[in-house]
2 protein chains.
Amino acid sequence: MRKLTVALGDRSYPILIGEGVLDRTDAILAALKTPRVAIVTNDVVAPLYLGRLEAALRSVDVACDSVILPDGEAHKNWQTLNTIFDGLLAGHFDRSTTLIALGGGVVGDMAGFAAATYQRGIPFIQIPTTLLSQVDSSVGGKTAINHPLGKNMIGAFHQPRLVLADTSTLTTLPDRELKAGLAEVIKYGLIRDPAFFDWIETNIERLLAREPQALGEAIERSCANKARIVSEDETERGVRALLNLGHTFGHAIEAGMGFGVWLHGEAVAAGMVMAACLSNRLGWLSARQYERTVALIGRTGLPVRGPKLGAARYLELMAHDKKVDAGRLRLVLLRDIGDAEIFADLPAVEIAAAIDACCEPS
Amino acid sequence: MRKLTVALGDRSYPILIGEGVLDRTDAILAALKTPRVAIVTNDVVAPLYLGRLEAALRSVDVACDSVILPDGEAHKNWQTLNTIFDGLLAGHFDRSTTLIALGGGVVGDMAGFAAATYQRGIPFIQIPTTLLSQVDSSVGGKTAINHPLGKNMIGAFHQPRLVLADTSTLTTLPDRELKAGLAEVIKYGLIRDPAFFDWIETNIERLLAREPQALGEAIERSCANKARIVSEDETERGVRALLNLGHTFGHAIEAGMGFGVWLHGEAVAAGMVMAACLSNRLGWLSARQYERTVALIGRTGLPVRGPKLGAARYLELMAHDKKVDAGRLRLVLLRDIGDAEIFADLPAVEIAAAIDACCEPS
Ligand SMILES: NC(=O)c1ccc[n+]([C@@H]2O[C@H](COP(=O)([O-])OP(=O)(O)OC[C@H]3O[C@@H](n4cnc5c(N)ncnc54)[C@H](O)[C@@H]3O)[C@@H](O)[C@H]2O)c1
Ligand SMILES: NC(=O)c1ccc[n+]([C@@H]2O[C@H](COP(=O)([O-])OP(=O)(O)OC[C@H]3O[C@@H](n4cnc5c(N)ncnc54)[C@H](O)[C@@H]3O)[C@@H](O)[C@H]2O)c1
Ligand SMILES: [Zn+2]
Ligand SMILES: [Zn+2]
């Protein structure tokens with residue numbers, strides 16, 4: 001088992017990573033205020049892992065209710081969130097009870113937002129079961145639901161008390177979802193950890209083959225990067241924005257294609273290529289490092305080109321991104337592999353040229 | 001003009017009280033990040049004060065949109081909240097724009113919750129226009145909406161950047177609402193400020209006659225008490241719970257009668273009598289101080305008895321109150337006027353007896 005800590009003063013919490021950590025009731029018990037939890041999961045994950053978690057909790061006398069949501073990003077909305085509140089209120093959950101998110105990022109974001117706002121905030125635990133949620137969304141306290149006019153538009157910062165990343169749950173994950181998670185893993189290498197980028201280059205085949213040791217190491221090194229960044233900048237006023245590498249382009253792809261057509265990680269992969277390409281055009285990232293970036297993303301089986309929406313449409317969609325501040329578009333670009341920086345007021349023609357260069361031929 | 005500060009480190013903010021502070025664009029400008037605001041109000045307050053606020057803002061080049069909600073507690077729900085989000089998204093509001101709540105506690109709580117959760121939190125300003133919201137709900141950062149199964153069940157702590165309590169807006173307030181606000185004013189005297197209680201006893205007729213000087217002083221002394229308590233305990237882990245004097249009984253009255261039948265302040269008034277009565281029965285509050293409490297509430301024109309729901313029904317409703325922690329009912333009781341304390345595990349028969357003694361005869 002690997003263990004990390006997200007250092008946030010009296011809101012610090014541990015991340016446990018490894019095969020079978022789902023059953024670490026000692027860690028769960030230490031995180032509870034009272035022996036009563038509500039598990040939030042979905043109808044894909046419940047048949048796979050809910051019984052095991054419930055049995056573990058009951059064996060140490062923790063009372064558990066569960067709320068099973070419909071699967072999918074399309075349900076990451078207020079209606080579904082309300083079914084969590086309905087369950088909590090019907091069960092007379094009070095402020096001392098704990099919510100557990102068991103599932104991917106969609107379940108984690110919704111359960112987290114429910115915990116952030118139920119009675120103005122109750123404790124919660126993340127048990128992420130996708131690679132993306134284990135390396136990214138379960139750590140750092142960002143929670144949200146979608147609004148018809150924008151993804152993740154309604155949310156809160158609310159840190160979990162504990163994160164349990166059980167690598168054995170990844171055995172049932174569809175291949176496409178595994179690769180989407182690897183996009184975020186590569187992101188950490190690109191933005192601040194060149195040694196990790198080298199390691200991924202060397203070990204990408206082992207990761208794709210789901211070797212437990214390799215996955216454990218990738219998750220640990222990803223979480224270590226994320227934990228450090230979150231500790232330095234909990235509410236994204238500064239350095240945390242670096243985590244958005246590829247995401248402004250990526251969100252344009254997700255929104256432009258209709259949410260769900262491209263997976264988030266796939267869109268981020270093509271977006272990171274665009275960011276790297278723009279960095280290269282502006283004279284910051286060398287041709288060689290740009291090629292390494294594209295090559296690694298390609299070897300992972302992720303898209304290295306965006307869909308052909310037209311640069312104008314990309315720019316329009318990017319202008320509506322949540323990360324726009326005071327009307328100014330800010331982009332994360334690369335000075336080198338492992339060295340990212342935030343830029344505002346970049347020339348639109350250069351952005352458009354990079355997008356055009358990185359889109360599928362029509 | 002009177003000025004106070006809620007001291008919360010880098011989230012400290014000023015409260016300005018007085019006739020015409022609605023037009024204090026200097027204070028508003030100082031609180032904005034960018035010259036763009038969305039004003040949230042309702043269809044009763046908008047015809048009275050929205051034009052004046054908009055004109056003042058536009059005169060200093062602040063762009064303003066407005067969202068006008070339907071009036072009333074019945075609309076303090078997710079559907080109405082979504083109309084705020086719709087407006088913000090349609091107007092492409094980003095994280096640097098500010099929300100202004102113009103209205104009573106219902107508008108303030110909803111606009112505050114929208115600000116707490118729009119893009120994970122944007123700045124907001126409170127311009128309370130009822131006595132209750134000027135002395136209580138606009139200060140301290142509690143925000144919420146109701147759920148069909150419970151009042152204020154979904155919410156967040158989110159402090160405003162500025163509170164502008166314009167006493168001249170109270171001239172249009174219905175009499176019943178003014179009295180409901182006075183219940184919360186009396187509450188501050190009872191829980192921690194015996195000199196203020198004396199002052200209210202002396203000045204209650206001036207308050208009921210809406211003398212501006214008297215109202216200004218009552219609001220200032222109330223806000224000073226609330227600001228102190230909030231500074232000491234922002235998220236209600238300790239002393240802030242004293243502000244719930246009369247509220248657990250009061251919420252039972254509101255819920256038992258159907259929300260909206262009794263005004264919140266009216267229910268709190270009867271609830272404070274019940275709390276004082278129980279305090280007296282348990283030997284803590286002297287008979288003389290109990291009588292003074294009942295007399296002042298009575299002179300204000302507020303109810304000194306609760307509706308006859310039966311003590312069993314009261315206790316059942318109280319057991320579902322949000323302030324129940326880990327299954328234990330906690331009540332705020334009085335040792336003296338100006339000296340409140342929190343108690344758990346009180347004998348149910350005593351609580352029931354106090355309720356029965358303070359209900360309308362059948
Ligand atoms: N909060 C954050 O910081 C943050 C960061 C990144 C992404 N996100 C959010 O995360 C979401 C994406 O998360 P995701 O990629 O985990 O998607 P997801 O939660 O939709 O999971 C992908 C699919 O895998 C299924 N699944 C989950 N665990 C499984 C398992 N062990 N075996 C088999 N199937 C399993 C899910 O039911 C789903 O069908 C998005 O909504 C995104 O906005 C949030
Ligand atoms: N957040 C907190 O800390 C806190 C504290 C106490 C109460 N509250 C909440 O506050 C709400 C009650 O607030 P309220 O008593 O202000 O009720 P309210 O907002 O419903 O206002 C009462 C009525 O007066 C009208 N009104 C407002 N200003 C007016 C004016 N100047 N002239 C004429 N009419 C005016 C309103 O439209 C409404 O019809 C409840 O929802 C309660 O839960 C919150
Ligand atoms: Zn991402
Ligand atoms: Zn109140």
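In what follows, every chain begins at residue 1, and chains take the letters A, B, ... in the order their sequences are listed.
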Participant: Would you please test B:F85 and B:W78 for ring pair (Phe, Tyr, Trp, His ring centres under 6.0 Å) and show each step?
Facilitator: CA-CA 10 Å; B:F85 295 137; B:W78 177 256; 5.7 Å; yes
Participant: Considering only residues two or more places apart or on different chains, which pairs with a residue in residues 135-145 of chain A satisfy salt bridge (Lys or Arg N to Asp or Glu O under 4.0 Å)?
Facilitator: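 Listed once each, the pairs are A:D136-A:K187, A:D136-A:K226, A:K142-A:E236.
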Participant: So which residue, B:L149, B:L88, B:I145, ends up with the most heavy-atom pairs under 4.5 Å with chain A?
Facilitator: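 So the answer, after comparing B:L149, B:L88, B:I145, is B:L149.
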Participant: Report which part of A:T235 has an atom under 4.5 Å of a heavy atom belonging to chain B: side chain, backbone, both, or neither.
Facilitator: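 Neither part.
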Participant: Heavy-atom cut-off 4.5 Å, strictly under: side chain, backbone, both or neither for B:F113 against chain A?
Facilitator: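 B:F113 touches chain A through side-chain heavy atoms alone.
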Participant: Give the interface residues of residues 61-70 of chain A toward chain B, defined by a heavy-atom separation under 4.5 Å.
Facilitator: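 Residues of residues 61-70 of chain A touching chain B at under 4.5 Å: none.
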Participant: Are A:T83 and A:D86 close enough that a side-chain donor and a side-chain acceptor fall under 3.5 Å?
Facilitator: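 Not at all, the side chains of A:T83 and A:D86 share no donor-acceptor pair under 3.5 Å.
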Participant: Can you sort out the partners of B:E316 under salt bridge (Lys or Arg N to Asp or Glu O under 4.0 Å), two or more places apart, ordered by chain and number?
Facilitator: B:R313
Participant: Taking A:T97 for its side chain and A:R36 for its backbone only, find out whether a donor-acceptor pair lies under 3.5 Å.
Facilitator: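 Checked: no pair found.
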Participant: B:V268: which residues meet the side chain to side chain contact (heavy atoms under 4.5 Å, CB included) condition with it, sequence neighbours left out?
Facilitator: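 Partners of B:V268 under the side chain to side chain contact (heavy atoms under 4.5 Å, CB included) test: B:E184, B:H247, B:H264, B:M272.
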Participant: Less than 4.5 Å apart, side chain to side chain, heavy atoms only: is that true for A:L346 and A:L333?
Facilitator: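 Yes, close enough: below the 4.5 Å cut-off.
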